[in-house]
Participant: 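Quick one: the structure is below, questions incoming.
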Amino acid sequence: MDGNFNMFMETVDKRFRSYVSQINEYLTDNGCKCDIKSQKSGYIVSYVLNSSKRTLATFLSRKTGMKLRIYLEHIQEYQGFLDTLPEKVKREIKKASVCKRLINPNDCNPKCVMGYTFVLDGEQYQKCRYMAFQPTLSEENNPYIKQFLEKELAGG
């Protein structure tokens with residue numbers, strides 16, 4: 001591990017350092033490049049798929065705790081998985097910002113990548129890709145976070 005990753009790990013809650021290391025190892029072992037940037041709010045640690053150059057996931061430091069934003073390109077293939085998520089995660093997804101571009105393409109920056117249309121608990125949602133799927137690390141959420149990553153890497 002390089003120095004920047006070690007400095008990032010110092011900012012991670014001690015309870016989740018082992019888990020963050022496991023996620024880092026899992027993603028780098030599965031063809032992702034780890035890209036670390038330091039910002040005023042803390043470190044931004046992104047995982048970019050070498051094969052497609054798209055970002056799969058990004059660790060973010062927030063006042064509410066460490067989050068992992070996951071970019072779900074294959075969500076249509078495993079929407080049923082969303083119904084198995086803990087209620088707290090479902091609430092976060094449901095309250096995430098609506099994707100303006102999906103509703104009216106002229107309402108958002110034309111360079112913005114459109115968000116997601118998906119069904120959760122029998123209801124259809126259109127959510128911003130930067131807000132919808134960023135669960136907070138917790139004992140309850142961590143197994144589901146890993147499943148999201150496994151499903152994405154498997155292509156759905």
Side-chain angles (χ1 to χ4, degrees), residues 5-30 32 34-49 54-103 107-108 112-156:
F5 189 81
N6 290 332
M7 290 190 312
F8 158 68
M9 286 298 286
E10 288 297 314
T11 69
V12 176
D13 185 315
K14 286 181 174 70
R15 296 174 299 159
F16 304 123
R17 285 184 184 165
S18 172
Y19 179 75
V20 169
S21 285
Q22 288 173 28
I23 293 297
N24 177 69
E25 188 175 317
Y26 175 73
L27 292 175
T28 54
D29 286 352
N30 280 280
C32 290
C34 180
D35 181 39
I36 303 170
K37 292 184 175 101
S38 178
Q39 295 190 335
K40 199 159 69 171
S41 62
Y43 288 94
I44 305 291
V45 180
S46 298
Y47 294 89
V48 179
L49 285 162
R54 81 169 175 92
T55 301
L56 173 64
T58 303
F59 280 110
L60 310 162
S61 295
R62 296 289 187 253
K63 288 179 184 164
T64 56
M66 180 71 64
K67 293 181 173 278
L68 185 65
R69 178 183 292 150
I70 309 166
Y71 301 97
L72 304 176
E73 300 299 315
H74 303 285
I75 187 67
Q76 299 303 318
E77 285 126 64
Y78 58 87
Q79 284 187 82
F81 169 70
L82 299 177
D83 293 338
T84 71
L85 296 172
E87 288 305 315
K88 189 174 181 183
V89 175
K90 288 181 183 181
R91 279 194 303 276
E92 287 179 2
I93 293 169
K94 290 174 183 179
K95 75 175 189 181
S97 304
V98 170
C99 176
K100 295 177 188 176
R101 284 202 70 203
L102 282 171
I103 294 166
D107 276 354
C108 197
C112 180
V113 180
M114 278 195 206
Y116 311 108
T117 299
F118 58 91
V119 174
L120 173 60
D121 290 339
E123 192 172 332
Q124 182 174 303
Y125 293 91
Q126 293 183 310
K127 298 293 183 175
C128 171
R129 71 185 274 111
Y130 302 103
M131 302 303 291
F133 300 102
Q134 50 182 4
T136 304
L137 299 188
S138 72
E139 285 82 3
E140 183 182 24
N141 295 351
N142 291 356
Y144 295 92
I145 292 170
K146 178 91 186 286
Q147 288 179 59
F148 265 127
L149 297 171
E150 290 168 349
K151 289 177 182 309
E152 272 304 303
L153 284 170

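When reading the values below, keep in mind they use all heavy atoms of this one structure, side chains included, and skip hydrogens, waters and symmetry mates.
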Participant: Any ion pair linking Lys94 and Glu87 (charged N to carboxylate O, less than 4.0 Å)?
Facilitator: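 No, this pair does not count.
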Participant: For a side-chain contact (heavy atoms from CB on, under 4.5 Å) check, start with the C-alpha distance between Leu68 and Leu149, then their side-chain angles and the critical distance, and finish with the verdict.
Facilitator: CA-CA 10 Å; Leu68 185 65; Leu149 297 171; 3.9 Å; yes
Participant: Testing Phe133, Phe81, Tyr78 for ring pair (Phe, Tyr, Trp, His ring centres under 6.0 Å) with Phe118, which one passes?
Facilitator: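 Running ring pair (Phe, Tyr, Trp, His ring centres under 6.0 Å) over Phe133, Phe81, Tyr78 with Phe118 returns exactly one hit, Phe133.
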Participant: Hey, would you say the Phe59 and Phe16 ring centroids sit under 6.0 Å apart?
Facilitator: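 No: the rings miss the under 6.0 Å criterion.
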Participant: Does the gap between the ring centers of Tyr116 and Tyr125 come in under 6.0 Å?
Facilitator: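 No, ring centres 6.0 Å or more apart.
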Participant: Using every non-hydrogen atom in the two residues, find where Cys99 and Gly115 come nearest and quote the distance to one decimal.
Facilitator: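 Heavy-atom minimum between the residues: SG-N, 3.2 Å.
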Participant: Residues two or more places apart in sequence or in another chain: which of them pass side-chain contact (heavy atoms from CB on, under 4.5 Å) with Met131?
Facilitator: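 Here the qualifying residues are Ala96, Ser97, Cys128, Gln134.
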Participant: Taking atom CD of Gln76 as the centre, does the number of heavy atoms from other residues, nucleotides or ligands within less than 6.0 Å exceed 12?
Facilitator: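 It does: Gln76 CD has more than 12 such atoms within range.
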Participant: With side-chain contact (heavy atoms from CB on, under 4.5 Å) as the test, pick out the partner of Arg129 among Arg69, Glu73, Met114.
Facilitator: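 The side-chain contact (heavy atoms from CB on, under 4.5 Å) with Arg129 is passed solely by Glu73 among Arg69, Glu73, Met114.
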Participant: For Val89 and Asn141, which heavy atoms make the closest approach, and how far apart are they?
Facilitator: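 What the structure gives for the nearest pair is CG2-OD1, 3.2 Å.
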Participant: Side chains of Glu152 and Tyr71: do they bring a donor and an acceptor to under 3.5 Å?
Facilitator: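 There is no such pair (donor and acceptor under 3.5 Å, judged by atom type) between the side chains of Glu152 and Tyr71.
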Participant: Determine whether Glu77 and Lys151 satisfy the following criterion, side-chain contact (heavy atoms from CB on, under 4.5 Å), listing intermediate values before the conclusion.
Facilitator: CA-CA 9 Å; Glu77 285 126 64; Lys151 289 177 182 309; over 6 Å; no
Participant: If every non-hydrogen atom of Thr136 is compared with every non-hydrogen atom of Thr64, which pair is closest and at what distance?
Facilitator: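 Reported closest heavy-atom pair: CG2-O, 3.8 Å.
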Participant: As a test of understanding, state which of Lys67, Gln39, Met66 forms a side-chain contact (heavy atoms from CB on, under 4.5 Å) with Ser61.
Facilitator: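 Output: one option passes, namely Met66.
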Participant: Under the side-chain contact (heavy atoms from CB on, under 4.5 Å) rule, what do Tyr130 and Thr58 come out as? Steps first, then yes or no, please.
Facilitator: CA-CA 10 Å; Tyr130 302 103; Thr58 303; over 6 Å; no
Participant: I want to check something: taking the side chain as every heavy atom from C-beta on, are Pro135 and Tyr144 in contact at a cut-off of under 4.5 Å?
Facilitator: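 No, too far: nothing below the 4.5 Å cut-off.
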Participant: For Lys90, look at atom NZ and say whether over 12 heavy atoms of other residues, nucleotides or ligands are found less than 6.0 Å away.
Facilitator: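 For Lys90, atom NZ is crowded (more than 12 foreign heavy atoms under 6.0 Å).
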